[in-house]
Amino acid sequence: MQLIFKFIKDMSQRVKIKQILLSDKANYEVTVKGWVRTFRNNQFIALNDGSTNSNLQVVVDFENTDPLLLKRITTGAAIGVTGEVIPSLGKGQKVEIKAKHMEIYGDSDPEAYPLQPKKHSLEFLREIAHLRFRTNTFGAVFRVRHALAFAVHKFFNDKGFVYLHTPIITASDAEGAGEMFRVTTLDMKKPPLTPEGEIDYKEDFFGRSTNLTVSGQLEGELGAMAFGEIYTFGPTFRAENSNTARHLAEFWMIEPEMAFYDLKDNMDLAEEFIQYVIRYVLENNREDLEFLAQRLAEEEKQKPQAERSELGLIEKLEFVLNNQFERISYTEAIEILKNSKPNKNKKFQYPVEDWGTDLQSEHERYLVEKHFKKPVILTDYPAAIKSFYMKQNEDGKTVRAMDILFPGIGEIVGGSQREENYDKLVGRMKELHIPVEELYWYLDTRRFGTCPHAGFGLGFERLVLFVTGMTNIRDVIPFPRTPKNAEF
RNA sequence: UCCUCCUUAGCUCAGUUGGUUAGAGCAUCUGACUGUUAAUCAGAGGGUCGUUGGUUCAAGUCCAACAGGGGGAGCCA
């Protein structure tokens, strides 16, 4: 009686496929549950439960199985299988499971199910984003995304940073950076009006005009002035009409702020941070990365030879780990660009002439992909093209800004040492017509115990793009929000 | 937002200087086979050619507008 009880208990023990494939053991009974990828030869089920990129082969004794049950084993169906794990009789896998009992949890009509056991275009899968997690590519991408997110928290936690939740609804247009999404409960057909005929936000939910955040930085600085080091990691919103493979209207950003850090400390941290999270996935998501590397290699084959990248995905990640980022000033970058072949041969769409203009994508790409062939940190930009809160240099022309540029991605990090001097900061705000009164709380950090400090923002999806080798940012966030697209 | 290209079967794509009944591979269905690896073999079904309007005896094919998508640019992370 006890034996029977134990047997039933073991049978009900569900095991993840990753666990079965990782161990060399065989000849034991388990239950697995997952989704059918293909059913070959009326005999072999490729079962995937999301725990790993690989499928487990379930062998069905079709001659002794109810034909009605067999018909229900279709691509996409959710099933549970109990049986013995045995060394595989076929090639292609070490172990397989010989089914004793099968249960269908959810049927999947093969006429209607859009995923087929074949290659689908990324554009098509984007249209069925609710189902694309069930593909090899997106399974790998989102497991890697998860691992990167976990590594972000681990890195900062191990260094003693405090994870600070900055607000998502804000009343201030912090950096004056771009268009914001309005947050309101007012009746859009009949908004309350002031005597002057303007919309009366005093009647709105918060008693003032509010928006979704474009950055947690200013609030982050408040935390840094108490905890020393903080970081934020949360959603960020930009209502820009950007239609590119590198922009989203809703994306996730990581923003550390550190008291007593100067620009060099800031760069050191950013570089160490990026290398840390890349090393983490190389060590923990090898199988997914190898799949993505193979996918990328096949995609590269379609391209003309001149456009192919020299390194494979994994080599590229290892290269970033083993090489220091190139650090040069904006002024040095302008000199390099001025003397570059494409500039002299008038190959740039925007020729590089004067000091002071912002760099175009083509210039950044030249520096990163052609000249240095590695990540580049550009520092000390002209004050005129950077934000008000950046620390002014002694030359009176530049600020202690730093942008990290990555091959294929462009700007992955933007940061700076912050202006800690109250008078200089207010002076700059007035020049740029930033409402000083409204940001009194931000300025208070400079009135009470100000100190040198620095920070940066890293676009999480751009990091995931780089690590996975995907090329469209819409394919590395589960449900992309872009102009004219908020499906799912 | 600007430039440019694309939209034909469930998916990926052919479709001639505009001319009868618009094709293929995969998928699906039926049957065969049964140690397969995106199984294989035989057969079948499946299309308002993105939408609207125009040119023409005749439009998948030419023109315009709109919608959606790709690539590039701007803005940025």
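Throughout, a chain's letter reflects where its sequence line sits, starting with A, and its residues are numbered from 1.
- Nearest nucleotide to the A:Glu123 side chain, out of B:G69, B:A77, B:U36: B:G69.
- Heavy atoms of A:Phe44 sit under 4.0 angstrom from at least one base atom.
- Applying the 4.0 Å criterion to OP1 and OP2 of B:U1, one finds that A:Asn241 has a side-chain N or O inside that range.
- Figure legend. B:C2 is base-paired to B:G72; pairs are counted as Watson-Crick or G-U wobble with both atom distances under 3.5 Å.
- At B:A39, one or more side-chain N or O atoms of A:Arg40 fall inside 4.0 Å of OP1 or OP2 (strictly under the cut-off).
- Under 4.0 Å is where a charged nitrogen must lie from a carboxylate oxygen, and between A:Arg474 and A:Glu461 no such pair does.
- The nucleotide B:C33 finds no pairing partner, because no Watson-Crick or G-U wobble arrangement with both distances shorter than 3.5 Å includes it.
- The base of B:G74 lies outside donor-acceptor range of the side chain of A:Gln360, with no N or O pair under 3.5 Å.
- B:G19 is paired with B:C57 under the Watson-Crick or G-U wobble criterion, all donor-acceptor distances under 3.5 Å.
- Sequence order on RNA chain B of the closest nucleotides to A:Ile412 and A:Ser361 puts A:Ser361 first from the 5' end.
- A cation-pi arrangement is absent between A:Lys159 and A:Tyr276 under the rule of less than 6.0 angstrom and at most 45 degrees off the ring axis.
- In this model, no side-chain donor or acceptor of A:Glu63 finds a partner on the base of B:U34 within 3.5 Å.
- The partner of B:C26, taking Watson-Crick or G-U wobble pairs whose two distances both stay under 3.5 Å, is B:G10.
- A 4.5 Å side-chain heavy-atom check between A:Glu221 and A:Arg418 finds at least one atom pair inside the cut-off.
- Look at A:Ser121 and you'll find a side-chain N or O under 4.0 angstrom from OP1 or OP2 of B:U12.
- A stacking contact between A:Phe460 and B:A77 is absent: the pair does not combine a ring-centre distance of less than 5.5 Å to the base's six-membered ring with planes differing by less than 30°.
- Donor-acceptor pairing under 3.5 Å, judged by distance alone, is absent between the side chain of A:Asn42 and the base of B:U36.
- Judged by distance alone with a 3.5 Å cut-off, no donor-acceptor contact links the side chain of A:Glu240 to the base of B:U1.
- Side-chain atoms of A:Ser242 and base atoms of B:C76 include no donor and acceptor less than 3.5 Å apart.
- Across all strands shown, B:A38 forms no Watson-Crick or G-U wobble pair with both distances under 3.5 Å.
- With hydrogens and angles ignored, a donor-acceptor pair closer than 3.5 Å exists between the side chain of A:Gln57 and the base of B:U36.
- Here A:Arg474 reaches the OP1 or OP2 of B:G70: one of its side-chain N or O atoms lies under 4.0 Å away.
- Pair check for B:G45 finds none; no Watson-Crick or G-U wobble contact set falls under 3.5 Å.
- With hydrogens and angles ignored, a donor-acceptor pair under 3.5 angstrom links the side chain of A:His247 to the base of B:C76.
- Here the closest non-hydrogen pair linking A:Arg132 and A:Leu125 is CD-O, 3.6 Å.
- Taking the charged nitrogens against the carboxylate oxygens, A:Glu271 and A:Arg327 do have a contact shorter than 4.0 Å, which makes a salt bridge.
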